[in-house]
Amino acid sequence: MQPKMITLTVNGRKHQVALNPDETLLNALRQLNYTDVKNGCEKGDCGACAVLLNGKAVNSCLVLAWQADGSEILTNAGLGTMDNPHPIQEAFADAGAAQCGYCTPGMIISAKALLDQNPHPSEEEIREAISGNLCRCTGYAQIITAIQIAAERIAASALVGSGQGGKQ
Amino acid sequence: MKYKAKPLPPVELPDLRVVGKPLRRVDALGKAVGSTVYAGDFSMPNMLHGKVFRSSQPSARIKRLDVSKARELPGVICVLTAKDLPDAKLVTDMPGQTGQKRRAGTDAPVLASEVIRYRGEPIALVAAETLDIAEQALERIEIEYDTLPGVYDPLEAMKPGAPVVYEPDNIVATWKIRKGDVQAGMAMADMIIENTFSVPFVDHAYLEPEAGMAWMDDQNVIHIRVCTQVVEHFRSIARALGVPQNKIHIQGTFLGGGFGGKEDITVEIFLALLAKYTHRPVRLAYSREESIMAHSKRHPFIITHHTGVKRNGRITAAEIEMISDAGAYPYLSPYVLLYATVTACGPYRVEHLKVDSTSVATNNPFTSAFRGFGAAQACVAYEQQMDEIAKALDMDPLDVRRANYLSTGDRNATGQQMKSAVWLEETATRALETLGEKTSECGPIKVGQGFASYMQSYGRITWFHDTSRAWVGLELDGTAVIRCGVPDLGGGQVNTLCQIASEVLGVPLENFIIYSTDSALTPLAGTTTATRQLYMSGSAVHQAASEIRRVLLEYAQLHFEQDIENLELADGKVYVKSDPENFLPLAELTKMCAAEGLPLSNLALFKAPFTDPIDPETGQGDIFPDFTFGAHAVEVAVDTETGEITLLKSVGCHDVGRAINPIAVEGQIQGGSTQGLGYALMEEVQVVEGVIQTPSLSEYLIPTSRDLPTTKAIILESGTGLGPFGAKGIGEPSLTPAAPAVANALTNALGVRIKDLPLTPEKVLAAIEEAKNA
């Protein structure tokens, strides 16, 4: 089969790219220089490549780029920046949740997907939500703490209605 | 409560402003927002893609190798084989600063020329315009093998007549300890307890597979961006390429995990070669499968203990044999074996000790460094043995250890005197107390508790004459810069250096920038291995910052007309202690000093203690700068019908000397122990006839967030370490006691011991069955 022109909207930016049918969304995103989407296994075992596809967390290595044609994709780098980090990113930094940092973008995507659905998750629900994201450095404890802190901060900022501190 | 925390001796730690505070690491936000750039994230214009052609056979002779069809493929720029690189060897058994003697003829070739010694051994390199073309080129390489008889079991490999991996025999290294009179010691014993324990191959399973890129510049310097624990490998690469050392430049990156697996050379040698031969930028990134195939593994060990004990639990003598599987090339096997040998009898007083250890070549995947570096394998054995001694004597496991624990002033297995705090009982009792009462059992579910104590060195073997360098400087606006070659594996190495300098100079942490892990542009700091960077580079930074502090305070003394003792640097100011309103911003002070031509930067060299090698016949002599001590305790539930083990509670307690950043230390204890718990419960690289049966993360299982409870980290600070502010090291020690603690808890639950890790449900059921039939 020939390459096909597809449209991907990534972190609000629209891209039109010609891709072969066997190209994964992971490779497509990395070729578009979204290198915060990490390649850890290309088999869906590690979760390092997780992104939000139309609001749903997926392993981008398990999605073909053609399947994502016309979709909205949000990567961790699309959530916030050094100057304006998302509360989850801020909490990860504060709690020591990023050691080597390689699992972090995917981990934060899973956390975002969880908190979007369930703003006050229990520890068990957090463990379940990140169970597809492997981390070899932390033993997960500080990641769980970070997600708990983020949930509190998001709830607190919603209460005061400020909405400051990053896109939510 | 059965166990009560032993009171700590009085410790007076100086009150510090930055050190000891749970501050946000300087690298944390960049990683959280995804701005950190890793080795696989770079690309360059005109870039080629590299691939490695590897052996499908574990033991063979290359009968025919034909790369012509690959070379002919349009888009292929370069195919290299051993013919292109005569004599290129990977001299990697002693990375870093000092060359050590090693057995001649055992260095791994960069590319195999004739004999294949393990499956996955590199044979050819390809560089092509696209990754697709590079992959197609691999398929066009034609190879025929004459298979050779292989040897896959270290015990078989030691037998006469076994296939020889390299001449003259399969013995890669041996060490021995002869201390006291073992025969006499055994004669004094009331009982002799003998057990054999074994541990499997383990993979580092860092999330970031090896990757990098290289290019050549207008001075013919080859620049390599790579994730490595050792930027000093530029010397080995220069030697393999036959170019001067100043023509290889390694620009390290933040690592996506290392744990010892990126201590030996990985992709960087291939990148350098392809850049040299193509004169174009080249990228090379391993897939997960290639990573598992290509990098080292933790050594499997078989360890036999014969321990003579008195009825009161006191050890009278120990005789220990250790055999490790070095795999197809030695790499760091001799030194991993040495670490195991030195800690063979654990943190216990054993006056009469005999240790014989051997590392054996096989056609298995090669083995080398992995967090714990032999000391972890030794601990799995000695701590299970201590529990077996307790059982044989019908004593409490803590009481047996208490009767034998080392104290400050005692001598270890090599006769080295313990000089820092030795808080063994202090850590064990705290871990046990925190574990609390045993959870009640229910039906087929049995519950057990267990613990393990350990000792582990921080800093390298002292006869390596280890050094580190760091440069610290102030800018005219009062901000600061550190240059230090330290690779950051994720453990907080660069942040720690900033926090130390921040304490000394009074420059706030957020006003630091650190340049690290660059073999040409940052002073060489040595390897991020051996739990050495806080001790070594932390001390170098402390030294450099202290020198600048001296310059600042001597000038401030004149300005304020005050004694130096009455001046302090903190919060970006210099001020008079007795009158804090009388201050000067550091930016002002810095400008004044600069105007006087005073040096506002300093390059410091820190040296560890230098010693001669230990006596090869007796294994006696000083060997490490110092040791970390601690304990891990766990509670497990075992389903006796399914064999499934569930970890219910986990506590690690360690004397870290001084916690520079408590969040980072907690992270080391939780993360390190999780690797140790995985080692106990699930991790094994299964190898059959030299072929890895667990080639991906769906077969090679590491703990997920649902497998284990949070490990409670108890941080003790004796302030007696050799590092800055009395710090010891915690990177490797955090892992070491976790696995034997699980093994002991399982035995406590079941009444039977499984002496071979990992403790899988199959082994649990078999052990229960065996106990029934016995």
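Source: prediction; values computed, not measured. Numbers restart at 1 for each chain; the letters A, B, ... are given by sequence-line order, proteins then strands.
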*Highest number of heavy-atom pairs under 4.5 Å with chain B: which of A:Glu42, A:Gln89, A:Lys43?*
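If we count pairs closer than 4.5 Å to chain B, A:Gln89 comes out on top.
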_When A:Thr104, A:Ile126, A:Ile144 are compared by non-hydrogen pairs under 4.5 Å with chain B, the top option_ =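 Most heavy-atom pairs under 4.5 Å with chain B: A:Thr104.
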Could you pull out the closest heavy-atom pair between [X] and [Y], with the gap in Å?
X	Y	result
A:Gly80	B:Val33	O-CB, 4.0 Å
B:Ala32	A:Phe92	CB-CB, 4.1 Å
B:Pro209	A:Gly40	CG-O, 3.8 Å
A:Ala98	B:Lys31	CB-CB, 4.0 Å
B:Ser698	A:Asp45	N-OD2, 3.2 Å

*Given a strict heavy-atom distance threshold of 4.5 Å, which part of A:Ala91 is in contact with chain B: side chain, backbone, both, or neither?*
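When you check distances to chain B, no heavy atom of A:Ala91 falls under 4.5 Å.
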_Looking at B:Asp41 and A:Lys38, is any side-chain nitrogen of the basic one under 4.0 Å from a carboxylate oxygen of the acidic one?_
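Salt bridge present between A:Lys38 and B:Asp41.
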*A:Glu124 bridged to B:Arg706 by N-O distance under 4.0 Å*: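 B:Arg706 and A:Glu124: not salt-bridged.
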*Using a distance-only test with no angle check, is there a side-chain donor-acceptor pair under 3.5 angstrom linking A:Arg127 and B:Thr710?*
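The answer is yes; a qualifying pair exists.
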*asked:* If you count every heavy atom of other residues, nucleotides or ligands that lies below 6.0 Å from A:Lys4 atom NZ, does the total exceed 12?
replied: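 Yes, NZ of A:Lys4 has more than 12 neighbouring heavy atoms, counting only those of other groups under 6.0 Å.
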*Is the count of non-hydrogen atoms from other residues, nucleotides or ligands lying under 6.0 Å from A:Gln117 atom CD greater than 12?*
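No, not enclosed.
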Looking at [options], which has the largest count of heavy-atom pairs under 4.5 Å with chain A?
options	answer
B:Ser705, B:Gly491, B:Gly40, B:Ser35	B:Ser705
B:Leu23, B:Thr36, B:Leu255	B:Leu255
B:Leu489, B:Ile663, B:Thr674	B:Ile663
B:Gly672, B:Ser673, B:Pro22, B:Pro703	B:Pro703
B:Gly257, B:Gly492, B:Ala205	B:Ala205

*asked:* So, taking the atom named CZ in B:Phe254 and the one named SG in A:Cys100, what distance separates them when rounded to the nearest 0.5 Å?
replied: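 Interatomic distance, B:Phe254 CZ to A:Cys100 SG, rounded to 0.5 Å: 11.0 Å.
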Can you tell which part of [X] gets under 4.5 Å to a heavy atom of chain A, answering side chain, backbone, both or neither?
X	answer
B:Leu207	both
B:Phe42	neither
B:Leu29	both
B:Asp27	side chain
B:Glu289	side chain

*Kindly indicate whether the side chain of A:Gln99, heavy atoms from C-beta on, has any atom under 4.5 Å from the side chain of B:Gln670.*
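No - every pair of side-chain heavy atoms lies 4.5 Å or more apart.
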*asked:* Evaluate A:Tyr102 against B:Tyr38 for ring pair (Phe, Tyr, Trp, His ring centres under 6.0 Å), listing each step before the verdict.
replied: CA-CA 8 Å; A:Tyr102 202 82; B:Tyr38 294 83; 5.3 Å; yes
*Could you list the residues that satisfy ring pair (Phe, Tyr, Trp, His ring centres under 6.0 Å) with B:Phe370, not counting sequence neighbours?*
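Ring pair (Phe, Tyr, Trp, His ring centres under 6.0 Å) check on B:Phe370 returns B:His204.
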*What are the residues of residues 133-143 of chain A, in order of number, with any heavy atom under 4.5 angstrom from a heavy atom of chain B?*
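Residues in range: A:Leu134, A:Cys135, A:Arg136, A:Cys137, A:Thr138, A:Gly139, A:Tyr140, A:Ala141, A:Gln142.
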